[in-house]
Amino acid sequence: MSLEKMKDLCLEEKYLQPETKEVNGVLMTKIISDNWDKIWNFQAKPDDLLIATYAKAGTTWTQEIVDMIQNDGDVQKCQRANTFDRHPFIEWTLPPPGHSGLDLASKMPSPRTLKTHLPVQMLPPSFWKENSKIIYVARNAKDCLVSYYHFSRMNKMVPDPGTWEEYVETFKAGKVLWGSWYDHVKGWWDVKDQHHILYLFYEDMKEDPRREIQKILKFLEKDIPEEVLDKIIYHTSFDVMKQNPMANYTTLPTSIMDHSISPFMRKGMPGDWKNHFTVAQNEEFDKDYQKKMAGSTLIFRTEI
Ligand SMILES: Nc1ncnc2c1ncn2[C@@H]1O[C@H](COP(=O)(O)OS(=O)(=O)O)[C@@H](OP(=O)(O)O)[C@H]1O
């Protein structure tokens, strides 16, 4: 199928501003919900690497880092396709037959690198059974909220966010695609030591990408020369990725993602929430946050 035909199919009404439907109490698109049995029965393999995140936590950044590592810092090889085609997004269902995340994953030769935003309790059980490696990246709630809000304004494949004031409440209530941020980050945190999981933080990656990439290298049991590491740090910096059409989502038609409303690669900075929350909103948010995160040992930095 040609790329043009695929793009036309993506523009079908049911994929734009999609209907939503809960799966086990977690909001999903209706299409994901309708395909849930197939997603739940996804067959993971022992040599799969899964990049798992709550939406807007640094998925694409991590994908680019991992791909650069796997390709020994060869930028040309990482230019072979868009990030969303290099790494199947297992639960995401695109219209053309054979182009769902599941289909792309099943056609992909091993070892595969896959992407998911699923909360931990909804991860297909074969990942646990096969003991596949998982890199989980978490980002502080307020910056995730801001990024998700702008993303929902520019991306017509997710529900409209409404006004900023409305969205803050929707996010706190977990009524966004993939559900509650609070449950997501806590859920993955609680199981991290029982499985093959590397739990990273967006803020740490921003503060010291070398240190965090070294953690990924160790986790992947990869050794690379220092100059390759330098190249990876440079190629995966925000400014370089923003200009990279294979990582910045600009190859999609504007009817799907309109970067003039808000670019996918927007600011890439911890602390942008301060430019959005009013003092009152921030106080309310913090109060609610304390309740929802009570008892968890998980600590986030909201600026660096
Ligand atoms: N290299 C690099 N450095 C720092 N920040 C980066 C980088 N690449 C992507 N980003 C920022 O990550 C946000 C997008 O998150 P995701 O890739 O998880 O989005 S998605 O869920 O896959 O749609 C989005 O955050 P905001 O800028 O705050 O909106 C991107 O700008």
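Counting convention: from 1, in listed order, for ligands and their atoms alike. Bear in mind that the values here come from a model prediction, so they are computed numbers and not experimental data.
No N or O atom of K206 sits closer than 3.5 Å to an N or O atom of ligand 1. Polar contact check, T53 against ligand 1: no nitrogen or oxygen pair lies under 3.5 Å apart. At least one N/O-N/O distance between A57 and ligand 1 falls below 3.5 Å. Inclusion of Y249 in the set of residues having an N or O under 3.5 Å from an N or O of ligand 1 is not warranted.
Ring orientation note: the planes of Y148 and F151 are tilted relative to one another, at an angle of 30° to 60°.
In summary, the side chains of Q281 and W164 do present a donor paired with an acceptor at a separation below 3.5 Å, with no hydrogens or angles considered. Defined by atom type and a distance below 3.5 Å, a donor-acceptor pair is missing between the side-chain atoms of Q121 and N24. For the residue pair W92/T116, the side-chain donor-acceptor check at 3.5 Å is not satisfied. E64 and H235 share a donor-acceptor pair across their side chains, judged by distance under 3.5 Å alone. No side-chain donor from either of W36 and E91 sits under 3.5 Å from a side-chain acceptor of the other.
Of the candidates W273, Y148, W61, the one placing a heavy atom closest to atom 3 (N) of ligand 1 is W61.
Here S147 has heavy atoms under 4.0 Å from ligand 1 in both its backbone and its side chain. With a 4.0 Å heavy-atom cut-off, ligand 1 is reached by no atom of A247. The backbone and the side chain of K56 each have at least one atom closer than 4.0 Å to an atom of ligand 1 (non-hydrogen atoms only). Residue contacts with ligand 1 for F264 involve both N, CA, C or O and side-chain atoms from C-beta outward (heavy atoms, distance under 4.0 Å). If you look at R139 next to ligand 1, the close heavy atoms, those under 4.0 Å, all belong to the side chain. The residue H150 has no part lying near ligand 1, judged by heavy-atom distances below 4.0 Å. When non-hydrogen atoms are compared, ligand 1 lies under 4.0 Å from neither the backbone nor the side chain of E64.
Under a 4.0 Å heavy-atom criterion, Y202 is in contact with ligand 1. Heavy atoms of K115 come nearer than 4.0 angstrom to ligand 1 in at least one pair.
Considering only non-hydrogen protein atoms, atom 18 (O) of ligand 1 sits nearest to T59 OG1, 2.4 Å.
Taking the ring centre of W189 as origin, the terminal cationic atom of K192 falls inside the region bounded by 6.0 Å and 45° from the ring axis.
The distance from ligand 1 to the heavy atoms of S237 drops below 4.0 Å at these ligand atoms: 1 (N). The contact set between ligand 1 and G58, taken as ligand atoms under 4.0 Å from a residue heavy atom, comprises 15 (O), 16 (P), 18 (O). Ligand-side atoms of ligand 1 in range of M241: 1 (N), 8 (N), range being under 4.0 angstrom from any heavy atom. Proximity to A55 (heavy-atom distance under 4.0 Å) selects the following atoms of ligand 1: 21 (O). Residue T60 approaches ligand 1 through these ligand atoms, each under 4.0 Å from one of its heavy atoms: 16 (P), 17 (O), 22 (O). Taking every heavy atom of T236 and a limit of under 4.0 angstrom, the matching atoms of ligand 1 come to 1 (N). Using a 4.0 Å cut-off to heavy atoms of M265, the atoms of ligand 1 that qualify are 7 (C), 8 (N), 9 (C), 31 (O).
Here the side chain of S180 pairs no donor or acceptor atom with the backbone of G174 at under 3.5 angstrom.
Between N248 and the choices T251, N244, T250, the side-chain hydrogen bond (donor to acceptor under 3.5 Å, both in side chains) rule is met once, by T250. Paired with H184 under the rule side-chain hydrogen bond (donor to acceptor under 3.5 Å, both in side chains), one option of Y54, Y136, W178 passes, and it is Y136.
Here the two rings, on W181 and F300, have centers that are under 6.0 Å apart. When ring centroids are compared, W188 and Y199 stay outside the 6.0 Å threshold.
Between R139 and D204 there is no salt bridge, since no side-chain nitrogen of the basic residue lies less than 4.0 Å from a carboxylate oxygen of the acidic one.
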